[in-house]
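Counting begins at 1 with the first residue of the sequence. Hydrogens, waters and symmetry mates play no part in the numbers below; they use all other heavy atoms, side chains included.
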Amino acid sequence: MIKSPTITSFVDAIDAGSLSFRTLRGAHIVRTDGRAAVSRTKMFAEALVSIEGYRYLLSVPIDGAVSLPECVREAAHIVRHLNSGAFPEYRILPQELVFTDSAGRESCCDVIIESHCEGIPLGNAVHYADTASLLAALDMLRDAFLEAGVVHRNLLPSNLVWGNDRRLYPVRFHYLRRASSREDIMKEFAAVKEFILSFPTIPSAATEPCKPYETALQRCYDEVSPLHDMMRRVRRGNLYGYVDDCGESVIEPRFIKAGNFCENRAAVATAEGMGIIDRTGRYILEPKYDIADYDPDRCGYVARRDSVWYMFDYMGRLSHSGTYEELFSQTDIGKHIKQIVKN
């Protein structure tokens, strides 16, 4: 029978470093005053570790559990698709940790890894951080939850970290869910506000207010557009590219102009002209036109080159060509094209 690790075997495994991890390298336990930052919760053993200068909270199942609860897998899926710096990385590494169980056999288990900022739990911060800053940071975090439409469901002071950047960050997303209503989120944050206000008010220090949360994408690109058709347009310098809904780069910035994706297609421009690409960056229409755009009414494309207009089907096959009057006259796509030309 496979057993889950005990806290002792968990710590021993981490101390063994790369011998115990399948993909993580260089992890070592963070120690304060000589004591390892290791603890346990209802379901997990936890250890705060440092990997290449970044802090992470590692969690593994304990008390005989051999796999992670389904709620954790659902939470990891939701967090992965949230594009907000208010939600630190939270993911599952399958069969990541190799350890020796209580029967002396080598076993392995899943590991939850989540980013952990430099800071202290809110339960400690209320004793010295100025009250106004804590409340402002709480409001900013609440707005991020409202925009994402999720509820933490375990937003205790111990699960909120007051970062050195004067922002609040949630941790332990094990129970996170899509919120059924705005009131669910407001109620959760009202309880935290009541906790902060239950302590003596600490006067506001003469410091600048905290800046808005910055996403990982915003740190990588100069511009990040909203999600369209499960893709985001991004800009680095003067060039545009695309990332998917998980923030993974799909098409590196190489276009001088780029539109949003629609029906798995996007209009882009290079120095040679405009064209149409698919989600992999492959050209459906080569970039040689003065104008190229998707026509959702016909599930095809229209393009212009040297005063000649062209119509293509969804796969980029030519169906008609001619003058503007011959092809479009007073149709809706004709009005749309006029607007494109005007812009």
Next item on the list: Please indicate whether Glu223 has more than 12 foreign heavy atoms, meaning atoms of other residues, nucleotides or ligands, lying under 6.0 Å from its CD.
Entry: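 Atom CD in Glu223 is crowded, with more than 12 foreign heavy atoms closer than 6.0 Å.
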With a cut-off of 3.5 Å and sequence neighbours excluded, list every side-chain donor-acceptor pair involving residues 274-281.
unit_1 : atom_1 : unit_2 : atom_2 : d
Asp278 : OD1    : Thr280 : N      : 2.9
Asp278 : OD1    : Thr280 : OG1    : 2.7
Asp278 : OD1    : Gly281 : N      : 3.2
Asp278 : OD1    : Arg282 : N      : 3.0
Asp278 : OD2    : Arg282 : NE     : 3.2
Asp278 : OD2    : Arg282 : NH2    : 3.4
Arg279 : NH1    : Asp229 : O      : 2.7
Arg279 : NH1    : Asn264 : OD1    : 3.2
Thr280 : OG1    : Arg282 : N      : 3.4

Looking at [Y], is its backbone amide N or carbonyl O close enough to the side chain of [X] to form a donor-acceptor pair, meaning the two atoms are under 3.5 Å apart?
X	Y	answer
Arg265	Ile284	no
Arg233	Ala258	yes
Ser204	Ala132	no
Asp306	Val308	no

Check: Can you say whether the rings of Phe44 and His174 are parallel (under 30°), tilted (30 to 60°) or perpendicular (over 60°)?
Finding: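 Geometry flag for His174 against Phe44: tilted rings.
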Note to self: Filter on ring pair (Phe, Tyr, Trp, His ring centres under 6.0 Å), then keep only pairs touching residues 229-272, sequence neighbours left out; what's left?
What the structure shows: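 Matches after skipping sequence neighbours: Tyr242-Phe261.
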Notebook entry, point to check: Any ring pair (Phe, Tyr, Trp, His ring centres under 6.0 Å) pairs touching residues 176-196, not counting sequence neighbours?
Noted result: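 Sorted pair list: Phe145-Phe189, Phe195-Phe199.
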Can [X] and [Y] be counted as an ion pair, charged N to O under 4.0 angstrom?
X	Y	value
Arg153	Glu188	no
Asp184	Arg178	no
Asp110	Arg73	yes
Glu74	Arg177	yes
Arg236	Glu252	yes

Next item on the list: Determine, step by step, whether Tyr213 and Phe87 satisfy the ring-ring contact (aromatic ring centres under 6.0 Å, His included) criterion, reporting the C-alpha distance in whole Å, the side-chain angles of both residues, the deciding distance to 0.1 Å, and the verdict.
Entry: CA-CA 9 Å; Tyr213 291 106; Phe87 301 91; 8.2 Å; no
Notebook entry, point to check: Going by atom types only, do Ser133 and Arg166 share a side-chain donor-acceptor pair under 3.5 Å?
Noted result: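 Side-chain D/A pair, Ser133 to Arg166: present.
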Notebook entry, point to check: Are Tyr175 and His152 close enough, and set up right, to give a ring-ring contact (aromatic ring centres under 6.0 Å, His included), and what steps lead you there?
Noted result: CA-CA 6 Å; Tyr175 304 101; His152 189 284; 8.2 Å; no
Item checked: Ring centers of Phe312, His320 separated by less than 6.0 Å ->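 No, the ring of Phe312 stays outside the 6.0 Å limit from the ring of His320, centre to centre.
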